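This is a predicted model, so every value here is computed, not measured. Naming convention: chains lettered A, B, ... in sequence-line order (proteins, then strands); numbering from 1 in each chain.
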Amino acid sequence: MTVRVRFAPSPTGYLHIGGARTALFNWLYARHTGGKFILRIEDTDAARNSLEAVEVILQGLRWLGLDWDEGPLTADAAGPCKGSSGPYFQSQRKANYEQRVAALLSRGLAYEHEGAVKFRMQREAVIIPDLVVGEVRRELTDREAEDPDFVIVRSDGQPVFHLVNVIDDLDMGITHVIRGEDHLSNTAKHIALFRAFGVPPPKYAHIPLILNGDGSKMSKRDTGASMTTYVEEGFLPEAVVNYLCLLGWSPKENREKMSVAEVVERFDLPQILRHNARFDMTKLQWLNGEYLRELPPEKFHAAAVHALARAGIDTNKWPLPYVKAALDTCLGKVKLFSELPAYAGFYFTDEIKLDAAALAKDFDAENKPRVEKLRGAFQQTANFDAASLEAVLKETAKAFGVKAGVLVHPARLACTGNAAGPSLYHLLEILGRERVLARLDRALRSTPG
RNA sequence: GACCCUAUGGUCUAGCGGUUAGGACACCUCCCUUUCACGGAGGUAGCCCGGGUUCGAUUCCCGGUAGGGUCGCCA
């Protein structure tokens, strides 16, 4: 029997990082087993759903590279789909639910109550076989002991989540339900529903949740909760995917950086961890830096230009070779594209902000004459290229009997406004003699003595 | 309140009836170096607590504690 798994998000306007990981694990399992990955939109809450909200989910999954074998092609609920188990929007499947509810009603497995339809839930504990957690014996809570039955159709006629989720899984032939552990307790209801419909329930695999760094529940507003922040902050999808794989699943063998293909090969349900994981943004950034460093220059340029544009730096105003040369000096130096405006912004403006304290330190009475000398040497040198500039700077330092760093720091500060950045000699060459001298002059003028 | 899940350094994790408890991120020190990053060499830091079982428990069992989840005419 071929594996059929699904990701069934509710369009709420954003894609939660935990939801993204659930989608990823489902996708990985489908790809590992040669099964099908199905995307189903649970848009039962009509008031809250919108085309845009669905679009966010589709975009998020596409960005991560999680392609679905069956599901919607557009965000339009009535639009085109692929796969033969459609429609893939719950709002389009009302007839199925009505039929199923009528059947339950006629067999006395459900009944009407105050305008709603309630399911006659079993009164005993339910055994939940789970591929990750093991066999769970779910007893009734005190409230459930009072009234175990639960609403499956609201008094306004809208079916509720538990019902539609089960019916869709049933109708779509879902074999494995891989979902967040927050659904574990509710699975008792789902199993009872499957039994009422006379079919065996799918296999369940409840995966641990992703918590905030402090261990609290990650909700909408928490940093890192929404997938769109990763897109906007300039993360690489392969880094995010790689990091997500490592939360709640372990490849063993002390592996960290792995290609998706490699994970697909190794991924399986038994290696999924049972405990929740805290989201560690710092480690994600490290991983992102690892991937960023390996990026081919063209891809780096494209993404870098985009990141700079987002920060209001229009690189189109500059000659292409200049932009490329400038960005080349940043390759392998930043972990995130969002660092780029601060890191490389000095290439694209002449308004360098000079921190007064840093200025006072690098251009103190003792050092200022040395920098003036260096400025003169830069003016004189025949070739204004990195190698020559390095030689000139080192000669000047030697003449003063100081280390190169003594001149490097003020030169960097004057030309970039930063204490750290790309290779000084290379950035000087790219900036060109005229601008370098102007920036040195400005720094020299703005310090006393 | 009841029910369910979980528990290895700060974080992600490997391991397991007998190990010097391994790796990664982060942090600290040093080296390299024009800064930073990278790279290299070191370092600090861990089996939640209490009972059992056992010759021996981080590992198995029970209890506690802590964290998370669920008990909705939300999904």
Using atom [atom1] in both nucleotides, what's the gap between [N] and [M] to the nearest angstrom?
{"N": "B:G42", "M": "B:A24", "atom1": "P", "answer": "12 Å"}
{"N": "B:U29", "M": "B:U70", "atom1": "P", "answer": "44 Å"}
{"N": "B:G18", "M": "B:U59", "atom1": "C1'", "answer": "11 Å"}
{"N": "B:A45", "M": "B:U35", "atom1": "P", "answer": "32 Å"}
{"N": "B:G43", "M": "B:C25", "atom1": "P", "answer": "16 Å"}
{"N": "B:G9", "M": "B:G23", "atom1": "P", "answer": "16 Å"}
{"N": "B:U20", "M": "B:U11", "atom1": "C1'", "answer": "24 Å"}
{"N": "B:G15", "M": "B:G22", "atom1": "C1'", "answer": "8 Å"}

For [X], which contact category applies under a 4.0 Å heavy-atom criterion: base, sugar-phosphate, or nothing?
{"X": "A:N186", "value": "base"}
{"X": "A:P9", "value": "nothing"}
{"X": "A:Q285", "value": "nothing"}
{"X": "A:G421", "value": "base"}
{"X": "A:E144", "value": "sugar-phosphate"}
{"X": "A:K118", "value": "nothing"}
{"X": "A:L140", "value": "sugar-phosphate"}
{"X": "A:L184", "value": "sugar-phosphate"}
{"X": "A:R143", "value": "base"}
{"X": "A:R255", "value": "nothing"}
{"X": "A:R412", "value": "base"}
{"X": "A:Y343", "value": "base"}

Name the pairing partner of [N], where a pair is Watson-Crick or G-U wobble with both distances under 3.5 Å, or state none.
{"N": "B:C48", "answer": "B:G64"}
{"N": "B:U70", "answer": "B:A2"}
{"N": "B:G39", "answer": "B:C31"}
{"N": "B:U19", "answer": "none"}
{"N": "B:C25", "answer": "B:G10"}
{"N": "B:G56", "answer": "none"}

Within this structure, what is the CG-to-C1' distance between A:D182 and B:U6, rounded to whole angstrom? 14 Å
What is the distance from CG of A:N254 to P of B:U13, rounded to the nearest Å? 14 Å
[X] to [Y] - nearest heavy-atom pair and separation:
{"X": "A:F279", "Y": "A:Y243", "value": "CE1-CE2, 3.5 Å"}
{"X": "A:R93", "Y": "A:F89", "value": "CG-O, 3.4 Å"}
{"X": "A:L244", "Y": "A:A20", "value": "CD2-CB, 4.4 Å"}
{"X": "A:I57", "Y": "A:L15", "value": "O-CD2, 4.3 Å"}

Count the heavy atoms belonging to other residues, nucleotides or ligands that lie under 6.0 Å from CD of A:E265, then report whether that count exceeds 12. no
Does B:A14 have OP1 or OP2 sitting under 4.0 Å from an N or O in the side chain of A:K252? yes
Does the side chain of A:K257 get closer than 4.0 angstrom to OP1 or OP2 of B:A24 through an N or O atom? no
Listed partners of A:F7 passing ring pair (Phe, Tyr, Trp, His ring centres under 6.0 Å), at least two apart: none
Donor/acceptor link under 3.5 angstrom from A:E253 side chain onto base of B:G23: no
Looking just at side-chain N and O atoms, do A:H409 and A:D362 make a donor-acceptor pair shorter than 3.5 Å? no
